[in-house]
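Chain letters run A, B, ... following the sequence lines, proteins first, then strands; residues in each count from 1.
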Number of protein chains: 2
Amino acid sequence: MVKELETDLLAKGIRPTAMRLLVLDYLLKQSAAVSLNDLETYFLKADRITLYRTLKKFEDKGIVHKIEDGTSSVKYALCPESCYGMAYCDLHLHFYCTQCQNTFCLPKTRIPELQLPENYQPEEISLTVKGKCSNCS
Amino acid sequence: MVKELETDLLAKGIRPTAMRLLVLDYLLKQSAAVSLNDLETYFLKADRITLYRTLKKFEDKGIVHKIEDGTSSVKYALCPESCYGMAYCDLHLHFYCTQCQNTFCLPKTRIPELQLPENYQPEEISLTVKGKCSNCS
DNA sequence: GATAAAATGCAATGCAGTTGCACATGCTTA
DNA sequence: TAAGCATGTGCAACTGCATTGCATTTTATC
Ligand SMILES: [Mn+2]
Ligand SMILES: [Mn+2]
Ligand SMILES: [Zn+2]
Ligand SMILES: [Zn+2]
């Protein structure tokens, strides 16, 4: 329902333009994280920069989080519902499959407590595993 | 002692050219990981590409490991002695300090066992923490 | 509908990484 | 030692991805 997507965006302070609704709809349907290139490939008629800025806006407003999976391109995935303050949104593991080259959020695998050396003050944690995903193993 | 550095390189199957010895010496003196740009800045007269290929060769031969710390540029740091098979060389935490912008290997903080969902087969793990290092906190 | 704010499209730029190729240097071995 | 081959180096050019400027269009508000 487009109405729902509209209110989703409005609730986060994002003007629900046509392009943004399409991108949000697309994101909702993905099981893997999405790169700008993925969007370009899917929305052939759309302008690359608009897609870029759409992702950026979504990230700023906390509806997606950025994933650096060690490949050359940044990925994005929708934040889980629980992610309000958006400070610890991506405090979960990301898995990059070397076979199908998809990147997955694995929110069920929480990042364990870390014992840092004295005086190191953590602010952000990123845990990325490469390997074979459940489809490819 | 240059002789020592030479044998170090030879032992890993790397021809000890002048540039390589200088780079190795430089790496040995660093406490933080090093980017290509760092090398360029330090070795003003050296050719960028030669430095690039030096790092690449060092990585291939297992004397440095690559660190993707979430910044725009890849860093390199010497592998610990223990790193023979070089498969699990960088199985330790990397810390990027948002203040001094240095990246540190924290080999004492081992990466904990992870409970991945069924059928996910890990091959490589990268754990990066951003925050304030011991000098800056 | 007039107005201001925000989004879009196109072009251009920046930057890190990478490659090709000609030349230089070092190693091998006859 | 000299020739011949393998490897390293320097310069130029190119790639991919991210990012910005600016004129135009669309949207929200009055
Ligand atoms: Mn995620
Ligand atoms: Mn390290
Ligand atoms: Zn896969
Ligand atoms: Zn610091």
Side-chain angles (χ1 to χ4, degrees), chain A residues 2-3 5-26 33-61 63-76 96 101 103, chain B residues 2-3 5-26 33-61 63-76 96 101 103:
Chain A
V2 173
K3 265 295 174 214
L5 299 184
E6 278 194 32
T7 49
D8 282 359
L9 290 183
L10 285 169
K12 299 275 187 172
I14 304 171
R15 304 227 290 221
T17 66
M19 198 66 243
R20 288 168 177 177
L21 290 169
L22 289 172
V23 171
L24 176 57
D25 183 59
Y26 176 78
V34 163
S35 69
L36 176 57
N37 239 310
D38 293 333
L39 290 184
E40 277 186 70
T41 306
Y42 185 77
F43 297 104
L44 283 175
K45 290 178 294 186
D47 185 67
R48 208 169 64 87
I49 311 300
T50 302
L51 294 171
Y52 167 76
R53 285 193 267 231
T54 299
L55 286 175
K56 209 105 196 278
K57 169 81 41 176
F58 281 9
E59 189 198 0
D60 284 352
K61 300 295 183 176
I63 98 171
V64 299
H65 60 283
K66 186 188 283 199
I67 307 170
E68 280 147 7
D69 58 9
T71 68
S72 55
S73 67
V74 177
K75 310 284 192 314
Y76 295 87
Y96 173 73
Q101 301 182 334
T103 299
Chain B
V2 172
K3 264 295 171 211
L5 299 185
E6 277 195 34
T7 49
D8 282 359
L9 290 182
L10 286 169
K12 298 276 188 173
I14 304 171
R15 300 227 289 225
T17 67
M19 199 65 244
R20 287 168 178 177
L21 289 169
L22 288 171
V23 171
L24 176 56
D25 183 60
Y26 176 78
V34 162
S35 70
L36 177 56
N37 241 308
D38 294 333
L39 289 186
E40 278 185 69
T41 305
Y42 185 77
F43 297 104
L44 284 175
K45 290 179 294 184
D47 186 66
R48 207 170 66 88
I49 312 301
T50 303
L51 294 171
Y52 167 74
R53 287 193 267 230
T54 298
L55 286 175
K56 210 101 194 284
K57 169 77 50 172
F58 282 8
E59 190 198 1
D60 284 352
K61 299 296 183 174
I63 97 170
V64 298
H65 61 282
K66 187 189 281 198
I67 306 170
E68 279 146 7
D69 57 9
T71 67
S72 54
S73 65
V74 177
K75 309 286 193 310
Y76 294 88
Y96 173 73
Q101 301 182 335
T103 300

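Atom CG in B:Asp47 sits about 14 Å away from atom C1' in C:dA22, given to the nearest Å. Here the P atom of nucleotide C:dG26 and the CG atom of B:Leu9 are 15 Å apart, to the nearest Å. C:dT18 atom P lies 11 Å from atom CG of B:Asp60, rounded to whole Å. Rounded to a whole Å, the CG atom of A:Leu10 is 15 Å from the P atom of C:dA6. Atom OH in B:Tyr52 sits about 18 Å away from atom P in D:dC14, given to the nearest Å. In this structure, the CZ atom of A:Arg48 is 11 Å from the C1' atom of C:dA11, given to the nearest Å. Per the geometry, CZ belonging to A:Arg15 stands 5 Å off P belonging to C:dA7, to the nearest Å. Protein atom CD of B:Glu68 is 15 Å distant from nucleotide atom C1' of D:dC17, rounded to whole Å.
Residue whose closest nucleotide on DNA chain C sits further toward the 5' end, between B:Ile49 and A:Lys57: A:Lys57.
In this structure, A:Thr17 reaches the C:dT8 phosphate: one of its side-chain N or O atoms is under 4.0 Å from OP1 or OP2. Considering only side-chain N and O atoms, A:Asn37 lies nowhere under 4.0 angstrom from the phosphate OP1 or OP2 of D:dG16. When the side-chain nitrogen and oxygen atoms of B:Ser73 are compared with OP1 and OP2 of C:dA16, none of them lie within a distance under 4.0 Å. Between D:dG10 and B:Thr50, a contact under 4.0 Å exists linking OP1 or OP2 to a side-chain N or O.
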Verdict with reasoning, A:Leu51 to A:Met19, per side chain to side chain contact (heavy atoms under 4.5 Å, CB included): CA-CA 8 Å; A:Leu51 294 171; A:Met19 198 66 243; 3.7 Å; yes
Check against side chain to side chain contact (heavy atoms under 4.5 Å, CB included), B:Arg20 and B:Lys57: CA-CA 10 Å; B:Arg20 287 168 178 177; B:Lys57 169 77 50 172; 4.0 Å; yes
Side chain to side chain contact (heavy atoms under 4.5 Å, CB included) between B:Ile67 and B:Tyr96, worked out: CA-CA 10 Å; B:Ile67 306 170; B:Tyr96 173 73; over 6 Å; no
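Residue-to-nucleotide contacts include a donor-acceptor pair under 3.5 Å from the side chain of A:Arg53 to the base of C:dG9. For D:dT9, the base has no donor-acceptor partner in the side chain of B:Arg20 [N/O atoms by modelled type, under 3.5 angstrom].
For the 3.5 Å distance criterion, the side chains of A:Ser35 and A:Asn37 fail to qualify, holding no donor opposite an acceptor.
Not less than 6.0 angstrom separates the ring centroid of B:Phe58 from the ring centroid of B:Tyr76.
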